[in-house]
Amino acid sequence: QVQLEESGGGLVQPGGSLRLSCAASGLTFSNYAMGWFRQAPGKEREFVAVINYSGGMTKYTDSVKGRFTISRDNAVNTVYLQMNRLKPEDTAIYYCARGTYHTSPENFGAWGQGTQVTVSS
C-alpha cells in the first residue's frame with residue numbers, strides 16, 4: 001500500500017522560508033515522478049511543482065518560479081519542496097503526490113494527507 005507523508009508545514013512570516021518533505025513507502029519510489037499541489041480555502045487544488053523519476057527534470061507553476069525548488073532523494077524515498085520568499089497567497093494545504101511527469105492532478109494516483117502552510121504577519 002502506497003503511503004505518502006508530508007511534514008514541514010507551519011506558520012511563517014511573509015518573506016520567510018519553509019522546507020516541506022514527503023516520505024514515501026510501499027512503492028518503487030525511483031520509478032515515479034512526484035508532484036506538489038496546494039489547495040487554499042474555497043479554491044480548487046492547483047499544481048505547484050513536479051519532478052521526474054530521476055530528479056533531472058522539473059516544472060513549476062508560474063507564481064512560484066524562482067522562489068520554490070522541488071528536489072528528491074531516491075536513496076531515502078523522499079521528495080522536498082524548498083519554499084523561499086513566501087507570500088500570504090502561498091497559504092494553503094500542500095499535498096505531495098505520486099504520478100507521471102505532468103501538471104494535472106488527474107495524472108497522480110496516490111496522495112498524502114497534506115500539511116498546512118500559513119504565511120502571515
Side-chain angles (χ1 to χ4, degrees):
Q1 182 178 355
V2 176
Q3 289 191 325
L4 303 174
E5 184 172 358
E6 302 96 337
S7 61
L11 173 65
V12 62
Q13 292 186 343
S17 297
L18 283 174
R19 188 194 197 202
L20 305 183
S21 299
C22 173
S25 60
L27 76 165
T28 304
F29 184 72
S30 59
N31 283 357
Y32 296 95
M34 297 295 296
W36 285 97
F37 293 77
R38 65 187 179 186
Q39 188 166 17
K43 296 188 176 181
E44 293 186 353
R45 191 169 297 190
E46 67 168 351
F47 166 77
V48 176
V50 64
I51 188 166
N52 78 329
Y53 70 99
S54 68
M57 298 172 63
T58 58
K59 294 180 186 177
Y60 299 90
T61 191
D62 285 346
S63 63
V64 308
K65 285 180 181 176
R67 300 188 299 122
F68 290 12
T69 302
I70 188 171
S71 62
R72 66 190 295 160
D73 186 344
N74 287 347
V76 294
N77 291 359
T78 302
V79 61
Y80 306 97
L81 186 68
Q82 177 67 45
M83 305 186 295
N84 298 327
R85 304 201 308 275
L86 282 159
K87 304 176 180 180
E89 51 264 42
D90 295 317
T91 295
I93 299 174
Y94 283 70
Y95 300 90
C96 73
R98 177 216 74 187
T100 57
Y101 191 62
H102 291 89
T103 62
S104 172
E106 288 75 22
N107 293 110
F108 292 79
W111 295 81
Q113 292 299 305
T115 185
Q116 176 71 48
V117 172
T118 303
V119 184
S120 175
S121 54

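Quantities reported herein were computed from a predicted structural model and do not represent experimental measurements.
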When rounded to the nearest 0.5 angstrom, what distance separates [atom1] in [X] from [atom2] in [Y]?
X: Cys22; Y: Asn77; atom1: SG; atom2: CG; result: 10.0 Å
X: Arg85; Y: Phe68; atom1: CZ; atom2: CZ; result: 10.0 Å
X: Leu18; Y: Tyr94; atom1: CG; atom2: OH; result: 9.0 Å
X: Thr91; Y: Arg38; atom1: OG1; atom2: CZ; result: 9.0 Å
X: Arg19; Y: Met83; atom1: CZ; atom2: CE; result: 11.5 Å

> Is there side-chain contact between Gln113 and Glu5, with heavy atoms separated by less than 4.5 Å?
Replying inline: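 Result no, sub-4.5 Å side-chain heavy-atom pair not found.
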>> I want to check something: taking the side chain as every heavy atom from C-beta on, are Tyr53 and Thr100 in contact at a cut-off of under 4.5 Å?
In response: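 With C-beta onward as the side chain, the pair stays apart.
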So does [Y] get a backbone contact from the side chain of [X], meaning a donor-acceptor N/O pair under 3.5 Å?
X: Glu6; Y: Gly114; value: yes
X: Arg72; Y: Phe29; value: yes
X: Thr58; Y: Ile51; value: no
X: Asn52; Y: Met57; value: yes
X: Arg98; Y: Leu4; value: no

[X] and [Y]: which non-hydrogen atoms are nearest, and at how many Å?
X: Tyr80; Y: Val76; value: OH-CG2, 4.1 Å
X: Asn84; Y: Ser17; value: OD1-OG, 2.9 Å
X: Ala49; Y: Tyr60; value: CB-CD2, 3.6 Å
X: Ser121; Y: Pro14; value: N-CD, 3.7 Å

>> With salt bridge (charged side-chain N to carboxylate O under 4.0 Å, His left out) as the criterion, how do Lys87 and Asp90 come out once you've worked through the C-alpha distance, each side chain's angles and the decisive distance to 0.1 Å?
In response: CA-CA 5 Å; Lys87 304 176 180 180; Asp90 295 317; over 6 Å; no
>> With a 6.0 Å cut-off on the ring centroids, do Phe37 and Trp111 count as close?
In response: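 Judged by ring-centre distance (under 6.0 Å), Phe37 and Trp111 do meet the cut-off.
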>> Pairing donors with acceptors under 3.5 angstrom, does anything connect the side chains of His102 and Ser104?
In response: no
>> Please determine whether residues Val64 and Val117 belong to a single hydrophobic cluster, defined as Ile, Leu, Val, Met, Phe, Trp and Tyr linked transitively by side-chain heavy-atom distances below 4.5 Å.
In response: yes
>> Can you confirm whether more than 12 heavy atoms, excluding those of Glu89, are under 6.0 Å from its CD atom?
In response: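 Yes.
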> Checking side-chain contact (heavy atoms from CB on, under 4.5 Å) for the pair Asn107/Tyr101: CA distance, chi angles, key distance, verdict?
Replying inline: CA-CA 8 Å; Asn107 293 110; Tyr101 191 62; over 6 Å; no
> Considering the options Val48, Ile70, Leu81, Val79, which one meets the side-chain contact (heavy atoms from CB on, under 4.5 Å) requirement together with Leu20?
Replying inline: Leu81
